[in-house]
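Report on the structure given below.
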Amino acid sequence: MEKLTTRQTQLAELEILKEFDRICQERGFIYSLYAGTLLGAVRHKGFIPWDEDVDVLMPRPDYEKFRAGVLSGEIKFNGGYTLADDREKGAEHPFLKILDKRFLVKSALTEKFDTNLWIDIFPADGYPQDEKKCTKINKKAKFLNRVMFFSRLTNFSGYKGLGKLKTKLFCVYAKMYGINRVVKNANKLYKEYEFGKCQSCGFKMSGVKDLGNIFSSAAFSNMIQMEFEGISFPVMADLERYLKGVYGDYMQLPPEDKRGAHDISVYRI
């Protein structure tokens, strides 16, 4: 197998994003570049140089239409792409992924080839106006994210966030809690407040503990186009509030020791 460089990985992910964008344009689905992909578009007009990730965000109604269309066969991908569903039996993530079966991915945290190259598709759901209720939602989501992470961790030397003993203990707890329970509870969390009936929205499983991930639902009513790797993609109008809320001074490059990627190795089959 041929190991890809970071740049080759980024370009392979860009091809998946272009296919997703084609479908959304043809079907009239709304979506926005999101998280580090949105930050990369604003700050670098493309990928963050050290990042190997593509994230997009869809309002819940469009997210469900996209999911249903692909699963029914009404929407078909061009190329070797498949959809990893967020609610099928054995689902490993509470959000959609488009996978490219031509590539295998090995994680430094598991030391296993356990997935294909992907882009993440996140749903935007409603948030209440009460900040205390919003904080409570985000705390639940942060817990579920931690469980999801530690339930997969097997290479303890590759993780430096906690002491070795605490890491092993939390991994045992996370595996007992189970990824199925994480997915089930995340989907319950999504449904607590309906998109379209709330003035605010956001991706609840973003893992952000404060309120930085929450923005106006109206942002999806006034989309703008932004360059990403020489191609125009849609982004939400409320991007300034979101980027400041999550990244602070987002135009400032982080110190070199904080420029961490996703610790993955990608191979062409």
Side-chain angles (χ1 to χ4, degrees), residues 6 9-10 12-14 16-18 20-21 24 29-60 62-63 66 84 86 93-99 105 107 115 117-125 127 134 137-138 141-142 144-146 148-149 186 189-190 195 200-217 219-220 223-229 231 233-254 258-264:
T6 296
T9 299
Q10 291 173 342
E13 290 174 331
L14 180 62
I16 309 175
L17 176 60
K18 287 163 62 177
F20 173 72
D21 179 72
C24 290
F29 296 153
I30 297 172
Y31 82 93
S32 171
L33 301 184
Y34 184 63
T37 309
L38 177 59
L39 176 60
V42 173
R43 195 169 67 192
H44 304 276
K45 294 188 177 182
F47 285 95
I48 296 172
W50 54 88
D51 191 27
E52 299 169 314
D53 198 18
V54 169
D55 299 318
V56 299
L57 183 71
M58 299 185 85
R60 173 62 70 174
D62 296 86
Y63 180 94
F66 172 77
D86 59 352
H93 297 88
F95 47 84
L96 299 173
K97 288 175 173 278
I98 299 177
L99 305 176
V105 178
S107 170
T115 189
L117 192 62
W118 74 90
I119 69 168
D120 291 324
I121 305 172
F122 301 133
D125 289 295
Y127 267 92
C134 291
I137 289 170
N138 283 358
K142 186 178 180 182
L144 292 173
N145 268 296
R146 285 175 66 86
M148 187 163 57
F149 173 83
L189 198 63
Y190 295 151
F195 183 93
S200 300
C201 70
F203 174 48
K204 293 180 179 177
M205 281 292 287
S206 66
V208 177
K209 66 178 179 180
D210 54 26
L211 306 182
N213 66 312
I214 304 172
F215 51 91
S216 172
S217 299
F220 286 110
M223 303 294 290
I224 60 177
Q225 294 291 312
M226 185 165 289
E227 180 184 343
F228 183 85
E229 298 294 337
I231 305 169
F233 290 103
V235 300
M236 56 188 176
D238 212 6
L239 63 89
E240 180 82 7
R241 175 181 171 182
Y242 168 74
L243 290 174
K244 280 185 177 180
V246 174
Y247 300 104
D249 185 5
Y250 58 87
M251 294 302 290
Q252 179 68 40
L253 291 176
K258 300 295 184 182
R259 300 177 188 180
H262 285 257
D263 294 323
I264 61 173

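What you see is a predicted model, and the numbers here were worked out from it, not measured in a lab.
In terms of modelled atom types and a separation under 3.5 Å, the side chain of Asp125 and the main chain of Arg60 share no donor-acceptor contact. Between the Asp62 side chain and the Ile30 main chain, a donor and an acceptor come within less than 3.5 Å of each other. Under a 3.5 Å cut-off, the side chain of Asp238 and the backbone N or O of Phe215 do not form any donor-acceptor pair. A donor-acceptor pair is defined here as one N or O able to donate and one able to accept, closer than 3.5 Å; such a pair exists between the side chain of Tyr63 and the backbone of Leu96. Side-chain atoms of Gln10 come within 3.5 Å of backbone N or O of Asp51 as a donor-acceptor pair. No donor-acceptor distance shorter than 3.5 angstrom exists from the side chain of Asn213 to the backbone of Gly207, with no hydrogens or angles considered. Formation of a donor-acceptor pair under 3.5 Å by the Asp120 side chain with backbone atoms of Asp55 is not found in this model.
Between Glu229 and Gly46, the shortest heavy-atom contact is OE2-CA, 3.4 Å. Residue Phe203 comes nearest to Pro123 through the heavy atom pair CD1-O, 3.3 Å, listed as atom of the first residue, atom of the second, then distance. Here the closest non-hydrogen pair linking Pro94 and Ala186 is CB-CB, 3.5 Å.
Note that CG of Leu117 and OG1 of Thr9 are 6.5 Å apart. Values are rounded to the nearest 0.5 Å. The CZ atom of Arg43 lies 5.0 Å from the CD1 atom of Ile48; values are rounded to the nearest 0.5 Å. From Lys97, atom NZ reaches atom OG1 of Thr115 across 6.0 Å, with rounding to the nearest 0.5 Å. Atom CD1 of residue Ile16 and atom CH2 of residue Trp118 lie 9.5 Å apart, to the nearest 0.5 angstrom. From Ile98, atom CD1 reaches atom CG of Leu17 across 8.5 Å, with rounding to the nearest 0.5 Å. The structure places CZ of Arg241 at 9.0 Å from CG of Leu211, a figure rounded to the nearest 0.5 Å.
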Next item on the list: Take Thr37 and Val56 through the side-chain contact (heavy atoms from CB on, under 4.5 Å) test and state the conclusion after the steps.
Entry: CA-CA 8 Å; Thr37 309; Val56 299; 5.9 Å; no
Note to self: Evaluate Tyr190 against Phe195 for side-chain contact (heavy atoms from CB on, under 4.5 Å), listing each step before the verdict.
What the structure shows: CA-CA 9 Å; Tyr190 295 151; Phe195 183 93; over 6 Å; no
Margin query: As a quick check of understanding, evaluate side-chain contact (heavy atoms from CB on, under 4.5 Å) for Phe66 and Tyr31, giving each step before the final call.
Written below: CA-CA 11 Å; Phe66 172 77; Tyr31 82 93; over 6 Å; no
Checklist line | Verdict with supporting geometry, Phe29 and Met58, side-chain contact (heavy atoms from CB on, under 4.5 Å) | finding: CA-CA 8 Å; Phe29 296 153; Met58 299 185 85; 3.8 Å; yes
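Between Lys18 and Phe233, the closest side-chain pair of non-hydrogen atoms falls below 4.5 Å. The shortest distance between side-chain heavy atoms of Tyr250 and Glu240 falls below 4.5 Å. Side-chain contact between Val42 and Met251 is present, with heavy atoms from C-beta onward closer than 4.5 Å. Residues Trp50 and Pro254 meet the side-chain proximity criterion, which asks for heavy atoms closer than 4.5 Å. With a 4.5 Å cut-off on side-chain heavy atoms, Val54 and Leu14 do not count as touching. You'll find the side chain of Pro49 stays beyond 4.5 Å of the side chain of Thr6, heavy atoms only.
Under the rule for a side-chain hydrogen bond (donor to acceptor under 3.5 Å, both in side chains), Tyr247 has no partner lying at least two apart in sequence or in another chain.
Residues Tyr127 and Asn138 bring a donor and an acceptor atom of their side chains to less than 3.5 Å of each other.
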